[in-house]
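This is a predicted model, so every value here is computed, not measured. Computation of the quantities below employed the complete heavy-atom set of this structure, encompassing side-chain atoms and omitting hydrogens, waters and symmetry-equivalent molecules. Here is the naming used below: chain letters follow the sequence lines, and residue numbers restart at 1 for every chain.
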Amino acid sequence: MPELPEVETIRTELAGMLVGRTVRSAKIGRADIVGFPSARKLELDVRGRRVVAVRRTGKYLVLQLSGNRELIFHLRLSGHLELGNGRTVPRFERARFVLSGGKTMSFIEPRALGRVYLVRAGKHPRCLAGMARMGLEPIAREFTSEYLAGKLADRKASIKSLLLDQRVCCGVGNIYSDEALFRAGISPTRPAGKLAQPEVRRLGRALRSVLRAGIRWCGTTLEDRRYRRPAGAQGEFQKHLKVVGREGQRCSCGGTIERIKFGNRSSYFCPRCQH
DNA sequence: CTTGTGTCCTGTAGGC
DNA sequence: TGCCTACAGGACACAA
């Protein structure tokens with residue numbers, strides 16, 4: 001569930017707290033959340049490394065460490081990172097990093113689908129292959145309507161499913177894709193290749209603006225999900241959602257928001273605003 | 001290559 | 001009260 005705006009919010013907050021500190025120790029509480037190399041190897045190899053920078057690429061959070069290492073997190077659906085002082089053990093803590101100065105960073109993941117990886121900088125194992133194949137972020141300068149049009153051309157799959165494909169535009173997930181399609185006035189079920197040029201332009205602009213707004217409001221915290229900022233605060237963008245979570249409610253146009261299923265995921269839209 | 005489907009994972013909500 | 005099932009969904013494996 002953490003999408004680009006949530007991970008970017010986490011990145012900013014972590015950077016202020018972590019950069020310059022050294023990882024004193026790491027404890028993996030549950031081995032299968034380590035995607036690479038292994039729980040034991042990660043614990044041993046991360047020790048003593050200094051956090052040089054905190055970066056983000058798509059939904060991946062990258063802690064750049066001294067000695068040419070990257071500690072990479074993917075929070076998937078329910079993962080989050082929490083800063084603490086070492087006095088308490090949060091519920092669902094799967095990994096803990098103790099830093100110089102007594103701070104701790106807990107990797108909390110109730111569903112255990114999120115992953116942490118420790119790799120040589122730039123050298124990604126097979127389990128991180130998706131990272132190398134990611135498309136441009138909609139907030140990148142190079143993300144033009146020509147770029148988006150090229151990705152959608154001749155594709156028969158629905159625009160909704162392609163927006164979720166990280167090779168098309170990375171960082172977008174279920175919430176922000178629905179909100180962008182609403183703002184662009186495009187139905188999620190439309191075959192991507194059938195979008196007209198002005199629609200693609202509108203969609204590109206909508207993606208950009210909705211992600212920027214998500215960042216500005218520090219992400220989306222929905223009632224039934226667990227996104228929290230590392231210091232514990234909630235996001236605020238849920239107050240600005242137009243369709244997500246509003247099934248059966250009135251759209252500002254007077255129509256009723258609907259929810260449809262795409263395989264395993266749901267998509268919210270207004271059939272009167274979106275065509 | 002493209003597209004659709006199943007799988008992972010487990011707390012929570014809702015039904016009976 | 002308590003058990004059971006469905007659901008949430010990002011990424012990837014896999015089938016057609």
Side-chain angles (χ1 to χ4, degrees), chain A residues 1-8 10 28-36 39 56-62 72-81 90-95 107-117 119 124-135 137-138 150-181 188-195 207 211 214 219-228 238 241 243-248 259-269:
Chain A
M1 205 279 298
E3 305 176 31
L4 188 152
E6 288 75 30
V7 183
E8 179 62 20
I10 292 165
I28 304 298
R30 189 175 154 143
D32 60 1
I33 58 119
V34 177
F36 188 89
R56 179 191 58 73
T57 163
K59 301 173 193 171
Y60 289 92
L61 184 78
V62 182
I72 302 176
F73 293 89
H74 197 299
L75 303 175
R76 288 283 187 109
L77 310 173
S78 57
H80 57 281
L81 292 163
R91 198 178 176 205
F92 306 124
E93 182 185 78
R94 309 303 190 191
F107 181 26
I108 297 163
E109 172 50 304
R111 289 185 194 151
L113 288 172
R115 290 289 179 270
V116 56
Y117 311 84
V119 302
H124 295 163
R126 187 197 303 266
C127 57
L128 270 168
M131 215 175 158
R133 282 188 245 122
M134 286 194 300
E137 303 185 351
K151 288 288 188 184
L152 305 184
D154 302 322
R155 299 290 298 266
K156 293 181 175 66
S158 69
I159 184 61
K160 168 75 178 178
S161 61
L162 282 199
L163 287 181
L164 296 175
D165 186 337
Q166 302 300 295
R167 291 166 296 187
V168 173
C169 56
C170 77
V172 176
N174 209 28
I175 292 174
Y176 293 95
S177 58
D178 276 359
E179 292 294 316
L181 285 166
T189 59
R190 288 276 298 283
K194 293 277 178 68
L195 294 189
L207 283 164
L211 291 177
T220 303
T221 300
L222 294 175
E223 291 160 23
D224 58 336
R225 295 167 215 196
R226 290 193 155 72
Y227 163 67
R228 289 287 186 284
Q238 62 277 11
L241 296 173
V243 287
V244 168
R246 293 186 175 277
E247 181 184 19
R259 179 165 79 128
I260 52 171
K261 294 288 248 175
F262 269 84
N264 269 349
R265 44 178 64 90
S266 55
S267 183
Y268 297 91
F269 72 110

* To do: Could you tell me the separation between the OH atom of A:Tyr176 and the P atom of C:dG9, rounded to a whole number of Å?
  => 14 Å
* Asked: Quick one: salt bridge (Lys or Arg N to Asp or Glu O under 4.0 Å) partners of A:Glu3, sequence neighbours excluded?
  -> none
Can you check nucleotides 1-3 of chain B for protein contacts, nitrogen or oxygen pairs under 3.5 Å, and list what you find?
| from | atom 1 | to | atom 2 | distance (Å) |
| --- | --- | --- | --- | --- |
| B:dT3 | OP1 | A:Lys156 | N | 2.4 |
| B:dT3 | OP1 | A:Ala157 | N | 3.3 |
| B:dT3 | OP2 | A:Arg155 | NE | 2.3 |
| B:dT3 | OP2 | A:Arg155 | NH2 | 2.6 |

* What nucleic acid atoms does A:Arg115 come within less than 4.0 Å of, heavy atoms only: base, sugar-phosphate, or nothing? -> nothing
* Asked: In whole angstroms, how far is the P atom of B:dT7 from the CG atom of A:Asp32?
  -> 19 Å
* Apply side-chain contact (heavy atoms from CB on, under 4.5 Å) to A:Gln166 and list each qualifying residue two or more places apart in sequence or on a separate chain. => A:Lys59, A:Met134, A:Cys170
* **Residue of the set A:Thr57, A:Leu61, A:Leu81 for which side-chain contact (heavy atoms from CB on, under 4.5 Å) holds with A:Val7** => A:Leu61
* To do: Not counting sequence neighbours, which residues clear ring pair (Phe, Tyr, Trp, His ring centres under 6.0 Å) with A:His74? List them please.
  => A:Tyr60
* How close or far is atom C1' of B:dC9 from atom CD1 of A:Ile108, stated in whole angstroms? -> 17 Å
* To do: For A:Ser78, report the nucleic acid contact type (base, sugar-phosphate, nothing); a contact means any heavy atom under 4.0 Å.
  => nothing
* In whole angstrom, give the distance that lies between atom CZ of A:Arg30 and atom P of B:dG11. => 9 Å
* Structure fact -> From CZ of A:Phe262 across to P of B:dT5 the rounded distance in Å is 11 Å
* Using a cut-off of less than 4.0 Å, is there contact between a side-chain N or O of A:Lys160 and OP1 or OP2 of B:dG4? -> no
* To do: Using modelled atom types only, decide if a donor and an acceptor are shared between the side chain of A:Arg246 and the backbone of A:Phe269 within a distance under 3.5 Å.
  => no
Between the protein and nucleotides 10-14 of chain C, which nitrogen or oxygen pairs are less than 3.5 angstrom apart?
| from | atom 1 | to | atom 2 | distance (Å) |
| --- | --- | --- | --- | --- |
| C:dG10 | OP2 | A:Arg265 | NE | 3.3 |
| C:dG10 | N7 | A:Arg265 | NH2 | 3.2 |
| C:dG10 | N2 | A:Arg76 | NH1 | 2.2 |
| C:dG10 | N3 | A:Arg76 | NH1 | 2.9 |
| C:dA11 | OP1 | A:His74 | NE2 | 2.8 |
| C:dA11 | OP2 | A:Lys59 | NZ | 3.1 |
| C:dA11 | OP2 | A:Gln166 | NE2 | 3.2 |

* Structure fact -> Sorted by chain and number, sequence neighbours left out, side-chain contact (heavy atoms from CB on, under 4.5 Å) with A:Ser158 holds for A:Lys160, A:Ser161, A:Phe262
* Could I get the full list of salt bridge (Lys or Arg N to Asp or Glu O under 4.0 Å) partners for A:Arg76, not counting sequence neighbours? => none
* **Pairing residues for A:Ser78 by the side-chain contact (heavy atoms from CB on, under 4.5 Å) criterion, not counting sequence neighbours** => A:Glu109, A:Pro110, A:Arg111
Pick out the pairs of N or O atoms, protein on one side and nucleotides 4-6 of chain C on the other, that lie under 3.5 Å.
none

* Asked: Quick one: side-chain contact (heavy atoms from CB on, under 4.5 Å) partners of A:Arg259, sequence neighbours excluded?
  -> A:Glu247, A:Ser266, A:Tyr268
* To do: Quantify the bending of the helix from B:dT2-C:dA16 to B:dC16-C:dG2 as the angle between its end axes, each fitted on five pairs, to 10°.
  => 50°
* Asked: Do any N or O atoms from the side chain of A:Glu179 and from the backbone of A:Val244 form a donor-acceptor pair under 3.5 angstrom?
  -> yes
* For A:Glu8, salt bridge (Lys or Arg N to Asp or Glu O under 4.0 Å) partners two or more places apart -> A:Arg11, A:Arg56
* Within 6.0 angstrom of A:Arg30 CZ, more than 12 heavy atoms from elsewhere -> yes
* Asked: How many angstroms lie between atom CD1 of A:Ile175 and atom CD of A:Gln238, to the nearest 0.5 angstrom?
  -> 9.0 Å
